[in-house]
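Since the model is a prediction, treat every value here as computed from it, not as a measurement.
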Amino acid sequence: MRVRASGRAPGRLRSARHASVPQALEIRRGHAGVATWVSAPGEEHLAATGEAGGLWRMRGRAPNITFGVGFTAQGFDKASGYRRTDAGADPAVSWAFDGIEARPGDVFGDVGPGLGGAAGDELDRADVALGTPADAFVLASSTGHSQKIALVPEEMDHGYAATPPGIHPKVRSDVVIFQRPGGGAVFAVGSIAWSTAMSHQGGDNDTARLTGNVLDRFRDADEPFRDSPPVRSKE
């Protein structure tokens, strides 16, 4: 079977190669998203192709379509853990939690080097409105973030009202898994901090165990999912 495993969803910015200089890769950031710089007036289009630059999301191709999750929030004060969802107990995907004591509603992955958990730094979430497949399983969602974790600009739907108190519901990381019609499957963890959390206690932890279960299943099974009714992603 064909497999795609992903941490953070890449390819957020439109880019192109120059036909006359194939070793050159051109990127135009536009005026949206988290950026260290933005394009100057009149410089938002790619010189190589004439196409508009900026985020793929602004062109109707959010990373959720390919990877199930997309960039939603960022912050560096402290990472958090994940709460296992009811969808994660579905027989079609419950094997991902083999050897993990966390039951639906329980938190795991709230330890690790770096920021101290598996959900931190940059967070990606599932959203069917942005293209997350309706049959994707959200295995777990992060919880316990602070108000220092901020939504990225493309997630702001208005700029004239004060931010509502508390933690915005879009500030979370989702762990998703789904199968594709051609026989492949996608697994995305939605957080940069996941990789550092896997190294906690020499790799003897639930974050690493879940990752290993999925990769082993993808490697060994012709079809990683048993027949089961689809579970809609959050939102």
Side-chain angles (χ1 to χ4, degrees), residues 6-15 27-39 44 52-85 87 107 109-110 112 114-134 136 138-176 186 188-197 207 232-235:
S6 171
R8 272 221 58 233
R12 295 179 60 239
L13 289 169
R14 182 71 178 89
S15 61
I27 295 174
R28 302 280 176 164
R29 292 188 178 274
H31 295 277
V34 176
T36 54
W37 55 271
V38 296
S39 300
E44 296 183 32
L55 300 179
W56 276 111
R57 172 171 171 167
M58 303 308 176
R59 301 187 64 189
R61 295 180 63 183
N64 305 62
I65 298 171
T66 303
F67 300 99
V69 294
F71 194 21
T72 187
Q74 185 175 37
F76 308 98
D77 63 331
K78 186 182 184 303
S80 300
Y82 287 85
R83 191 179 303 280
R84 183 178 176 182
T85 64
V107 174
D110 54 347
L115 295 174
D121 194 333
E122 296 183 11
L123 307 179
D124 303 332
R125 68 180 176 87
D127 189 341
V128 292
L130 291 173
T132 300
V138 178
L139 302 179
S141 294
S142 63
T143 184
H145 295 295
S146 77
Q147 295 189 47
K148 294 181 180 180
I149 310 297
L151 288 177
V152 294
E154 59 266 35
E155 289 282 65
M156 305 288 189
D157 54 8
H158 59 271
Y160 56 83
T163 304
I167 308 302
H168 197 287
K170 291 182 178 180
V171 175
R172 70 173 192 273
S173 168
D174 292 324
V175 178
V176 302
V186 176
V189 301
S191 172
I192 286 180
W194 184 279
S195 59
T196 58
T207 305
R232 289 188 65 84
S233 302
K234 297 175 67 172
E235 299 193 3

Could you report the tightest heavy-atom contact between S191 and S173, atom names first, then the distance? CB-OG, 3.7 Å
Just checking, is any N or O donor in the side chain of D127 or T132 under 3.5 Å from an acceptor N or O on the other one? no
State, to 0.1 Å, how close N64 and R125 come at their nearest heavy-atom pair, and which atoms those are. ND2-O, 3.2 Å
Are the side chains of V175 and W194 in contact, using a 4.5 Å heavy-atom criterion? yes
Looking only at heavy atoms, the pair that brings A79 and G120 closest together is CB-CA, 3.8 Å
Gap between atom NE2 of H168 and atom OG1 of T72 - 0.5 Å precision: 8.0 Å
How would you list, by chain and number, every residue that makes a side-chain hydrogen bond (donor to acceptor under 3.5 Å, both in side chains) with S146, sequence neighbours excluded? D77
Sequence-distant partners of V107, side chain to side chain contact (heavy atoms under 4.5 Å, CB included), two or more places apart: R83, D110, T143
For Q74, give me all partners under side chain to side chain contact (heavy atoms under 4.5 Å, CB included), at least two apart in sequence or on another chain. V34, F71, F76, D121, E122
Which atom of S142 lies closest to which atom of Y82, heavy atoms considered: N-CD2, 3.5 Å
Which heavy-atom pair separates V138 from V176 by the least distance, and what is that distance? CG2-CG1, 4.1 Å
Report yes or no: does T66 contribute a side-chain atom to a donor-acceptor pair with the main-chain N or O of P63 at less than 3.5 Å? no
If every non-hydrogen atom of S141 is compared with every non-hydrogen atom of D174, which pair is closest and at what distance? OG-OD1, 2.6 Å
Look up atom CD1 in I167 and atom CD1 in I149, then write down how far apart they are to the nearest 0.5 Å. 8.5 Å
So, do R84 and L139 sit near enough that their side-chain heavy atoms are less than 4.5 Å apart? no
